[in-house]
Amino acid sequence: MFRNYPGDLTREIPTPIHQTRLTPSSDTPPPGPCTCSKGSVLLRDHLPKEHYEELMQRRAKELQQHKARTTSILSRLLFALPNSPLQYPIQGFTVQPLTATLIPGLALHTGQRSNYKVSLNVSKGVLSTEIPDEGVTVQGDGETRLTLESSSLVILNKQLSKVSYTSTVYHKHTGDLVSFRFENHEAVFPITIKQPQLPVLYDMGTDISSHVTIATKTFLRYTELKKLLSSIRRFYSNIKIIIADDSFEPEKITGENIQQYIMPPAQGWFAGRNLAVSQVTTKYFLWLDDDFEFTENTKIEKLVEVMEAVPELDVLGGSVQGNQFYFSLLYEAGEEGDGGCLYRKSNSKFHSLPGYPKCSLVSGVVNFFLARTDAVQRVGFDPKLKRVAHSEFFMDGLGSLLVATCGHVSIGHQTKTNKNKDAARYSHFRHPAKSDSEFKLVLHFFKNHLKCVRYG
């Protein structure tokens with residue numbers, strides 16, 4: 001290379017490539033401590049002091065097992081260095097475990113040399129190639145390191161196009177990193193090792209009854225439940241209704257296409273949800289409280305229309321008597337020893353759902369929602385939570401469930417009356433004791449690995 005300066009012509013001596021490149025670290029730094037905002041509940045203050053150290057040790061062990069299940073080498077940061085002559089796949093190369101698969105796109109692009117030599121290294125599998133063409137030397141066929149050498153770039157690239165990868169350990173979903181080298185150049189690219197999943201498809205049929213099942217949980221509120229059922233039948237005469245009932249003296253509910261499942265008494269809100277949802281056979285279910293009431297604005301079809309148009313959605317909330325309740329969850333992972341920080345921000349949404357201006361993406365919604373059955377079954381409802389439970393389902397589903405809320409579909413809420421003979425007993429269970437709230441905080445500390453929670 002030459003540069004022109006006033007005076008003498010000066011030749012610039014190039015510095016070797018490996019001396020000028022600054023290779024960034026591929027190790028993602030661990031998260032620092034998260035900040036508990038004003039108004040947060042510090043969960044460690046609610047732990048039994050005599051068991052604190054033991055709880056911390058058990059939680060740390062569980063966290064490591066969780067990370068082993070949910071992270072892999074594919075989480076490592078990879079950087080493409082400048083001016084590399086190496087060509088390789090950077091995204092989308094997926095192989096089945098224990099199955100030989102050609103690596104697409106491998107090639108070397110460089111200036112003329114008397115000899116060309118490349119190598120590839122892996123750690124969770126072996127590399128192999130077809131019988132080499134004349135003019136190319138192959139070393140390490142069927143091993144973790146494969147070297148190809150030739151005096152012809154054309155022949156070398158032809159042999160590179162025949163290189164395949166085979167994982168040597170069965171795993172449902174993991175990965176490997178390939179190191180691809182030529183002279184002082186190195187490229188690292190990922191291989192996703194994944195067992196393909198069988199599709200689980202739902203036959204939607206031709207009417208709303210084959211699309212949606214209505215599910216609810218009841219406890220000591222048969223007057224309200226019967227009013228709800230009556231209102232449903234005014235608009236949907238044949239749709240299946242599933243009732244989970246943990247009342248003390250169960251009253252048999254009859255009617256066409258109604259399934260009532262009797263539970264042991266007072267098992268709680270989430271245990272009942274689990275039972276009801278476990279019996280759903282349709283693609284979607286509509287969840288609602290037993291004291292709601294269908295109106296002319298309770299159009300299940302409109303919710304289904306949105307879910308079908310946006311198949312990534314898992315949960316779609318409506319409004320109750322025209323009022324939408326929704327929230328966003330803001331989470332910082334925090335340090336391993338302390339745990340994360342969670343902020344439930346009420347009436348906060350991310351942005352509108354593309355194509356549906358009356359709908360917005362959120363983290364959680366009211367107890368009136370249409371949900372994708374298989375998605376909710378995968379998250380589940382923690383039956384440890386009996387009376388203090390709703391947001392907790394969406395906390396457990398954060399990062400797994402895509403949630404939205406829409407204002408154009410609503411349901412009514414029954415006016416309170418004195419006709420329920422069990423109203424006093426129901427009220428006793430309806431309002432949780434302090435011990436229930438304390439238990440929930442301890443559960444968040446351990447199960448969700450949280451340091452603090454703020455309810456805004």
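Remember, it's a predicted structure, so these values are computed and weren't measured experimentally.
- Here CD1 of I214 is found 8.0 Å from OH of Y236. Values are rounded to the nearest 0.5 Å.
- By the 4.5 Å heavy-atom criterion applied to side chains, I300 and I239 are counted as neighbours.
- Looking at T373 and K283, their side chains never bring a donor and an acceptor atom within 3.5 Å of each other.
- No hydrogens or angles considered: a donor-acceptor pair under 3.5 Å links the side chains of Q324 and T405.
- No side-chain donor-acceptor contact under 3.5 Å links S119 and R181.
- Judged purely by distance below 3.5 Å, without hydrogens or angles, the side chains of N448 and D396 pair a donor atom with an acceptor atom.
- Under the 2.5 Å cut-off for SG-SG separation, C36 and C452 qualify: their sulfur atoms lie closer than that.
- Y343 carries R454 over the face of its six-membered ring, with the cationic atom under 6.0 Å from the centre and within 45° of the normal.
- Looking only at atom types and distance, the side chain of N367 has a donor-acceptor partner in the side chain of R273 under 3.5 Å away.
- No side-chain donor from either of T101 and Q96 sits under 3.5 Å from a side-chain acceptor of the other.
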Working note: K217 + D289, criterion salt bridge (Lys or Arg N to Asp or Glu O under 4.0 Å); need CA distance, chi angles, decisive distance, verdict.
CA-CA 7 Å; K217 154 79 171 58; D289 284 352; over 6 Å; no
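- With no hydrogens or angles considered, a side-chain donor-acceptor pair links D290 and T218 at under 3.5 Å.
- The shortest non-hydrogen separation linking A187 to Y88 is CB-CE2, 3.2 Å.
- Donor-acceptor pairing under 3.5 Å is recorded for the side chains of Y261 and Q259.
- At least one cation-pi condition fails for R234 and F294: the charged atom is not both under 6.0 angstrom from the six-membered ring centre and inside a 45 degree cone around its axis.
- You'll find the side chain of V376 reaches within 4.5 Å of the side chain of F381, heavy atoms only.
- No side-chain donor from either of Q195 and H173 sits under 3.5 Å from a side-chain acceptor of the other.
- Between V362 and F327, the closest heavy-atom pair is CB-O, 3.7 Å.
- Judged by distance alone, the side chains of S128 and S164 do bring a donor and an acceptor atom under 3.5 Å apart.
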